[in-house]
Visitor: 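Dropping a structure here in structure tokens format, bear with me for questions.
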Number of protein chains: 2
Amino acid sequence: MAATLADVAARAGVSSATVSRVLNGNYPVAESTRRRVMAAVADLDYVVNAHARALAAATSDVLGVVVNDISDPFFGVMAGAVQGESALDDLLAVICSTAGSPAEELRYIGLLLRQRVRAIVLTGGHQPDSAHFAELQALVRRAVAADTRVVLCGRPALPDTGAVALEFDDFRGAQALTRYLLSMGHRRIACITGPAGSSTTRARLAGHLAALAEAGVAADESLQVPGGFDRTSGFEGAQVLLDRAEQPTAIVAANDLVALGVLAAARERDIDVPGRLSVTGYDDISFAVDAYPALTTVRLPLIEAGRRAGRIAAGREAAAPGAVVSLRPELIVRDSVAAPRSG
Amino acid sequence: MAATLADVAARAGVSSATVSRVLNGNYPVAESTRRRVMAAVADLDYVVNAHARALAAATSDVLGVVVNDISDPFFGVMAGAVQGESALDDLLAVICSTAGSPAEELRYIGLLLRQRVRAIVLTGGHQPDSAHFAELQALVRRAVAADTRVVLCGRPALPDTGAVALEFDDFRGAQALTRYLLSMGHRRIACITGPAGSSTTRARLAGHLAALAEAGVAADESLQVPGGFDRTSGFEGAQVLLDRAEQPTAIVAANDLVALGVLAAARERDIDVPGRLSVTGYDDISFAVDAYPALTTVRLPLIEAGRRAGRIAAGREAAAPGAVVSLRPELIVRDSVAAPRSG
DNA sequence: TTGTAAGCGTTATCAT
DNA sequence: ATGATAACGCTTACAA
């Protein structure tokens, strides 16, 4: 159906090798033939077949990006940065949404490997104790061995796999946030955590507890309710927390989306934020500033991480196999936190 | 480097044809050989080469999705729906961000065509008068002729190209919105429109003007300020409008993001919304409800459109070439509109 | 049920 | 500067 190199060659009265040369422009070709060839290309609406090319040249022009959910701005922003940066090298990005399922993640990595992608960028969190974790490590190791760069973007390193990691230091971010809450006078601080078992949840919770510990404030497990990373988790988690006899003076949400849910729940109950309840987010997605009240949160360098991951994936920025970079989060103080009401 | 079918065949002591058969499972193979083959596959960490397969079988397992900006939730949600639906057929989705540039769009479509993608889903708007438009039509026509399905998702039809269109009826959506504003008593209604020349901008503006006309309200061109589809355009557009001697009682924003910018500008000037100024959005992205005040807007069936586009692209849902479906938007009344202050 | 072998559309190595 | 031609790794008639 579609025209092939041979068709173009026939039409231009040259060999297919010559056509290939003018198309790739990496070989001397007489100007006159080049023009004849280009004319034939135009006449026939010829479009190279990337598969044939990939097969013959053993290279591919696509990279894979694995995210939990591309419609979540946290991932959308990172994926966009990866894509934008890699597009500079004419690379295409396959984007895969796992919905947070480690099994799906493995499946997608497998599919990407079949495609012989140049690189795979993995975002999101690990589930260190899941049965899938060992499989993941093995798969990544194999990928790297097969010359497929693997970049962990905003995700903990995968030791001994050769994957490059751009980690977010969630421990410090969460610690800074809780320290701030403490400094404002809060003592009864509740958390709506991310999914149990996720590395992100662990790191953020650990940072929170560390801040509590250093201030000599006892951690109350009944104030930790688990959830997901979505608005609904925040809404529901807040209901649970606000039904308690002794209400918290502050709620630390797993991320901004969760915080938005908390704010909605508070609004529904006519609880003034931050007057009667302080709320914090995490990530600083672009909407955090438009929430009401504007969210006090922790800014993660999503774009910087994505861009850099894109450059490393594209091979434009060097990175030693197994290198790990830690990216510092930044506390962003806005309006959703105030001192607790005395009494 | 990587193991090939032949390697597996050698190891299993069978022909490569047999290996291909067990891998594809579309041919009878003796259970004993199947096991030997699978064992060899595992031993060698064999992974099929999708390029070789695509070349030989003349089919590909990927589809392309073209968006303006994947980090914008409007596109993120649609792209996510397309991807999620097509993943059911084990298809991979290449996502391309054009930043609204028609030239980039053409470039990406070309790249996708090389990849011999199964289908291309185009989102966003057209620029009917741009020089690129004719090229776009020609390219789409060629794609369809080459058996690449093209689905226009939330985007106006492309006549005579064979592309299937899932249109949003922006005229009616905008009309309903302005009618509502009018019914609340507004007469001096300003607009911050999308980019001049975009089909989306035109349709929404036309709906707005139609509503004005049917109510016998004269349209004041000085109340229309152009912009982009981002928050900054809203912020800046609002500054311009609010600097006018005679301020509008309502601002119709090009979309929710723009409306968020307008709200921010109003907040900065201590202008009460909706008390002194009403503001409307468009799209009903998920954050619209969390804005302050919650945005009155027009809901577009983004997920429905994306899912359906994904199904058509995957070939799971039939659609006659050139078919065009119009999806109805819905007015969502929340808190950002009130009656104008008398006087 | 299994093997043989001819493509699929490029690139790349030799020649010329 | 250009042409043959052998890969590249798989699918798929056609045989056996």
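All values below come from the heavy atoms of this structure, side chains included, with hydrogens, waters and symmetry mates left out. Throughout, protein chains are lettered first and strands after them, A, B, ... in sequence-line order, and every chain is numbered starting at 1. Nothing here was measured: the structure is a model prediction, and the numbers come from that model.
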Visitor: Taking only residues two or more places apart in sequence or in another chain, which ones pass salt bridge (Lys or Arg N to Asp or Glu O under 4.0 Å) with A:Asp160?
Guide: none
Visitor: I'd like a list of close polar pairs between nucleotides 14-16 of chain C and the protein, N/O only, cut-off under 3.5 Å.
Guide:
none

Visitor: Over all strands shown, is A:Thr4 touching base, sugar-phosphate only, or nothing at heavy-atom distances under 4.0 angstrom?
Guide: sugar-phosphate
Visitor: For A:Asn24 and D:dT2, what is the distance between atoms CG and P respectively, to the nearest whole Å?
Guide: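 Checked: the CG to P distance equals 15 Å.
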Visitor: Which comes earlier along DNA chain D counting from the 5' end, the contact point of A:Ala17 or that of A:Pro28, where each point is its nearest nucleotide?
Guide: A:Pro28
Visitor: Check the distance between D:dC8's P and A:Arg116's CZ and give it to me in whole angstrom.
Guide: 14 Å
Visitor: Would the distance check show the side chain of B:Arg36 and the main-chain N or O of B:Ala12 forming a donor-acceptor pair, the cut-off being under 3.5 Å?
Guide: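 Checking the backbone N and O of B:Ala12 against the side chain of B:Arg36, a donor-acceptor pair under 3.5 Å is found.
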Visitor: With a 3.5 Å distance limit and no angle check, can you tell me whether A:Asn24 reaches the backbone of A:Asn26 through a side-chain donor-acceptor pair?
Guide: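 No, because the side chain of A:Asn24 does not come within donor-acceptor range (under 3.5 Å) of the backbone of A:Asn26.
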Visitor: Among the candidates D:dC10, D:dC8, D:dT12, find the nucleotide nearest to the side-chain atoms of B:Ala57.
Guide: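 Selected nucleotide (nearest to the side chain): D:dT12.
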Visitor: Round to a whole Å and report the spacing from CG of B:Asp7 to P of D:dG9.
Guide: 8 Å
Visitor: Send over the distance from A:Leu5 CG to D:dT2 C1', rounded to a whole Å.
Guide: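 Between C1' of D:dT2 and CG of A:Leu5: 15 Å.
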Visitor: Tell me: CG of B:Asn26 to P of D:dC10, nearest whole Å?
Guide: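 Taking atom P of D:dC10 as the reference, CG of B:Asn26 is at 15 Å.
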Visitor: Please report, to 0.1 Å, the donor-acceptor pairs under 3.5 Å made by any side chain of residues 55-64 of chain A, with sequence neighbours excluded.
Guide:
from	atom 1	to	atom 2	distance (Å)
A:Ser60	OG	A:Val62	N	3.1
A:Ser60	OG	A:Arg116	O	3.4

Visitor: Can a side chain N or O of A:Ser20 be found less than 4.0 Å away from OP1 or OP2 on C:dT11?
Guide: yes
Visitor: Between C:dA12 atom P and A:Leu23 atom CG, what is the distance in whole Å?
Guide: 13 Å
Visitor: Please verify the inter-ring angle class for B:His51 with A:His51; under 30° counts as parallel, over 60° as perpendicular, anything in between as tilted.
Guide: tilted
Visitor: As a test of understanding, state which of A:Ile312, A:Leu92, A:Val65, A:Leu91 forms a side-chain contact (heavy atoms from CB on, under 4.5 Å) with A:Ser86.
Guide: A:Leu91
Visitor: Would the distance check show the side chain of B:Thr123 and the main-chain N or O of B:Val66 forming a donor-acceptor pair, the cut-off being under 3.5 Å?
Guide: yes
Visitor: Please give me every residue in residues 29-36 of chain B whose heavy atoms get under 4.0 Å of an atom in DNA chain D, ordered by residue number.
Guide: none
Visitor: Check the distance between D:dA7's P and A:Leu55's CG and give it to me in whole angstrom.
Guide: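 Result: 14 Å.
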Visitor: Report yes if at least one side-chain N or O of B:Thr18 is closer than 4.0 Å to OP1 or OP2 of C:dG3; otherwise report no.
Guide: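 Yes, because at least one side-chain N or O of B:Thr18 sits under 4.0 Å from OP1 or OP2 of C:dG3.
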Visitor: Under a 3.5 Å distance rule, please check whether B:Arg114 uses its side chain to pair with a backbone N or O of A:Ala50 as donor and acceptor.
Guide: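 The answer is no, because no donor-acceptor pair under 3.5 Å joins these two groups.
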Visitor: For the helix from C:dT1-D:dA16 to C:dT16-D:dA1, what angle separates the axis at the start from the axis at the finish, each from five pairs, in steps of 10°?
Guide: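 Answer for the end axes of this duplex: 30°.
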Visitor: Please determine, by modelled atom types, if B:Ser101 and B:Thr98 share a side-chain donor-acceptor pair under 3.5 angstrom.
Guide: no
Visitor: So if I take residues 40-50 of chain B and measure heavy-atom distances to DNA chain D, which residues fall below 4.0 Å?
Guide: B:Tyr46, B:Val48, B:Asn49
Visitor: Just how far, in rounded Å, is P of D:dC10 from CG of B:Asp61?
Guide: 14 Å
